[in-house]
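See structure below.
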There are 2 protein chains.
Amino acid sequence: MAQHTDKDDRADKPSSPATLMDVAAKAGVSIATASRVLNGSTRKVRNDSYVKVMEAATKLNYRPNAYAQAVAKGTAPNIVLLVSDISDPYFASVSQSVVKAAGEQGVSVTIGVAANAKAELESVRKSVATRPRGIIISESEYIDAPERAELERELRQYEASGGRAVFILNRNLPFPAVDVANEVGARAIAKLFVDSGYTRPAILKGDDNHRSSKERLAGVMDVLGKAGITVDPRVIANGRFSRTEGYAAIMQMARAGLLAPGGDAAYDGAGIDSVIALNDVMGIGAMTALRANGIEPGREVGITGFGDIPYSADVHPSLTTVHLPLAEIGQAAVDCVLADRDDAGAADSAAGNRLIFVQSAPDIVLRESLPRR
Amino acid sequence: MAQHTDKDDRADKPSSPATLMDVAAKAGVSIATASRVLNGSTRKVRNDSYVKVMEAATKLNYRPNAYAQAVAKGTAPNIVLLVSDISDPYFASVSQSVVKAAGEQGVSVTIGVAANAKAELESVRKSVATRPRGIIISESEYIDAPERAELERELRQYEASGGRAVFILNRNLPFPAVDVANEVGARAIAKLFVDSGYTRPAILKGDDNHRSSKERLAGVMDVLGKAGITVDPRVIANGRFSRTEGYAAIMQMARAGLLAPGGDAAYDGAGIDSVIALNDVMGIGAMTALRANGIEPGREVGITGFGDIPYSADVHPSLTTVHLPLAEIGQAAVDCVLADRDDAGAADSAAGNRLIFVQSAPDIVLRESLPRR
DNA sequence: CTGTTAGCGCCTTCAA
DNA sequence: TTGAAGGCGCTAACAG
């Protein structure tokens with residue numbers, strides 16, 4: 001039988017992966033040297049030992065243990081991204097771009113989903129435990145939950161220890177945030193709405209303490225008001241920025257007889273002539289709900305969305321909406337999180353809540369769901 | 001000025017987070033004890049020292065260093081999931097369920113996107129470096145690329161060192177895989193197709209070496225053939241399971257005059273009466289493409305999808321498709337990856353390519369895109 | 001029950 | 001250029 005002094009002599013089921021020591025031994029150099037050629041940045045090793053190490057490494061199929069490296073150098077190779085629902089196209093798009101942007105800089109991203117404030121707080125706690133380079137929070141609801149204070153403390157602590165927290169579309173907490181011009185976009189779409197001849201909208205908003213929703217709503221309401229349109233409060237509903245809840249909200253209105261002309265109908269019996277959804281998925285849910293009630297969206301009732309998720313072009317009628325640069329948002333968040341600590345200057349850091357506007361004037365995407373009438 | 005012997009005496013910008021040692025010191029116990037109450041599973045510590053440690057921990061805002069723990073106990077608290085595109089609703093759904101299922105077991109998931117074989121291989125290499133509990137690969141294309149052998153080696157090595165690799169919807173490599181009854185589903189939808197009176201389909205498939213695509217195609221073709229339908233080869237296209245390419249493929253056919261009746265049209269000038277898409281996003285892309293060419297999907301041309309992604313219910317006409325239990329697939333993959341190594345028995349492990357069927361008879365979801373004619 | 005003592009795999013001064 | 005040695009933060013026997 002062959003003799004070998006390699007590791008793992010015993011008949012092994014799970015032979016543990018090769019370690020740096022193994023490589024060093026096989027290459028006949030010190031572990032330090034091995035480390036230098038395999039991982040160290042500025043290599044200053046003689047060429048022949050370099051080769052020997054490399055050979056040993058490939059032969060042993062060596063893969064550095066990322067965790068051990070992280071522990072040793074005290075800095076992790078990853079960032080974490082928190083979203084409330086990856087299957088939501090909006091978050092999916094943001095996630096995609098975050099992962100891509102991070103990947104280009106060689107850092108991996110751990111995605112966590114946290115559907116509510118409690119879960120979010122817990123996720124943050126767990127995330128902090130991995131000492132990531134940064135934490136990007138793309139959560140949108142529950143901002144003012146009681147957990148908020150706790151969350152802020154946790155993140156502040158995290159920052160104090162050298163971490164970087166960034167929010168996406170949320171400026172309620174004193175941390176850097178990537179944001180877009182919600183109100184500007186809202187005004188633009190509302191103006192289009194008015195100009196197109198609509199006067200009796202149902203409105204699907206998000207939670208009132210949800211900043212994006214609030215800003216968008218403010219923009220819309222202001223333009224509407226100035227155009228002499230008073231929105232019937234009975235057809236303003238909280239769709240929680242979710243497709244399902246948006247759908248449900250419209251169904252509810254239909255059941256109450258608010259939508260189609262008639263006795264109980266909104267706007268003094270005239271019913272609605274449109275749905276203004278403060279994000280796309282609610283708008284899409286609304287379309288389906290309208291159809292379920294025999295109302296043809298885009299013909300009898302106009303629809304607007306907000307966000308321009310990929311699928312807004314594929315629904316029918318295709319959704320007229322406000323374009324949000326989803327990909328750029330993710331990129332910006334990653335840049336912010338990975339930026340050199342010293343770079344931004346004490347001023348910004350001190351401010352704490354630096355704002356990164358990805359775009360100053362959101363474009364509106366004119367499609368079919370809001371025909372001129 | 002207050003004197004304290006706590007850590008970090010110097011005026012500190014980034015005061016490093018509290019360590020277990022700090023907590024132990026402040027609580028006046030040994031680091032071992034502190035470890036036991038803070039992390040150790042079966043705690044056997046006196047109550048008062050338990051309290052002291054807890055107090056110290058909260059006061060110091062202690063968070064265990066997950067990496068250090070991982071290194072020390074030689075096992076990581078996470079799994080990695082590889083997909084080719086999170087913004088694709090199919091992958092998004094799978095990801096969502098994987099994250100959820102993993103979360104319930106206290107393990108976090110690192111998501112990587114790898115759009116092609118090379119990126120995938122690299123991702124796997126990087127993943128292995130973090131010694132995760134398992135790797136779930138939900139990639140679907142490029143299965144037979146030259147990197148395949150490399151990938152297999154890498155994963156085999158990973159398994160040998162105690163890791164667990166699982167594929168989703170892919171059984172081309174000798175690893176455990178979660179799969180569904182593609183062919184059964186395909187036969188079902190094809191039968192519905194025939195029974196509904198369609199005879200001249202365009203077909204949108206995926207790569208030929210993509211297993212799911214192949215199986216679905218086989219099922220469809222067989223049923224069609226037996227019904228006496230011969231598919232015009234000019235209207236079979238590779239949409240690569242992507243919305244964009246599906247869209248492009250139909251546009252291409254339209255440009256070639258294949259779709260609408262006429263001289264160049266498929267099926268001896270009769271044109272197509274339907275599109276069979278082997279997954280939903282291609283079906284949805286096809287609808288939009290048809291509309292762009294003045295053809296009303298669901299009226300002039302019937303459409304079928306495969307997968308039942310959330311948005312297939314929201315497009316119009318809503319997509320008749322084969323329901324795939326996306327959530328269960330993710331759950332199954334996680335279960336498999338997290339299963340006790342000894343549990344499954346040597347038999348399964350030896351086989352290497354254990355199959356987990358999530359569902360034996362895929363339901364077909366009857367909606368509006370394939371009306372009887 | 002608790003403290004002591006080895007490691008885990010790697011990086012990084014510090015001498016040589 | 002290289003090796004020896006200490007340390008990162010934590011866990012896990014092993015004695016007390």
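Below, chain A is the first sequence line, B the second, and so on; all start at residue 1.
- Regarding contacts with the backbone of D:dC10, a side-chain N or O of B:Tyr62 is found under 4.0 angstrom from either OP1 or OP2.
- For the OP1/OP2 pair of D:dC10 and a distance below 4.0 Å, the side-chain nitrogens and oxygens of B:Asn39 include no atom meeting the criterion.
- For A:Thr19 and C:dC8, the shortest distance from a side-chain N or O to OP1 or OP2 is not below 4.0 Å.
- Ion pairing between a basic and an acidic side chain is recognised when a charged N comes within 4.0 Å of a carboxylate O; A:Glu122 and A:Lys126 show no such pairing.
- Close to C:dT2, at under 4.0 Å from its OP1 or OP2, lies no side-chain N or O of B:Ser30.
- Atoms OH (B:Tyr50) and C1' (C:dG3) sit 20 Å apart, rounded to a whole Å.
- Scanning both residues, A:Leu20 and A:Tyr62, for their nearest heavy atoms gives N-CE1, 3.5 Å.
- Side-chain N/O atoms of A:Ser49 include one lying less than 4.0 angstrom from OP1 or OP2 on D:dT2.
- Taking side-chain N and O atoms only, B:Ser35 has a distance below 4.0 Å to OP1 or OP2 of D:dT11.
- Heavy-atom nearest nucleotides on DNA chain C were determined for A:Lys73 and for B:Gly28, and the one closer to the 5' end corresponds to B:Gly28.
- For the pair A:Tyr67 OH and C:dC11 P, the interatomic distance rounds to 16 Å; values are reported in whole Å.
- Nucleotide C:dC8 holds its P atom 18 Å from the CG atom of B:Asn65, rounded to whole Å.
- Dashed line: the shortest gap from a side-chain N or O of B:Arg46 to OP1 or OP2 of C:dT2 is under 4.0 Å.
- In this structure, A:Ser35 contributes its side chain and A:Ile31 its backbone to no donor-acceptor pair below 3.5 Å.
- The nearest whole Å value for the distance from the CG atom in A:Leu60 to the P atom in C:dC10 is 12 Å.
- In this structure, A:Leu38 places its CG atom 14 Å from P of C:dT12, rounding to the nearest Å.
- Counting distance only, with no hydrogens placed and no angle test, the side-chain atoms of A:Arg131 and the base atoms of D:dG9 include no donor-acceptor pair under 3.5 Å.
- Closest to the side chain of B:Ala32, out of D:dA12, D:dG9, C:dC10, is D:dA12.
- Each of A:Ile31 and B:Ile31 lies near DNA chain C, and the nucleotide nearest B:Ile31 is the one positioned closer to the 5' end.
- At a threshold of 4.5 Å between non-hydrogen side-chain atoms, the residues A:Thr19 and A:Asp22 count as touching.
- The CE atom of B:Met21 sits 15 Å away from the P atom of D:dT11 (whole-angstrom rounding).
- Of all the heavy atoms in A:Tyr158 and A:Pro132, the pair that sits closest is OH-O, 2.6 Å.
- Atom CG in B:Leu20 sits about 12 Å away from atom P in D:dA12, given to the nearest Å.
- Between A:Gln69 and C:dC10 there is no side-chain polar atom (N or O) within less than 4.0 angstrom of OP1 or OP2.
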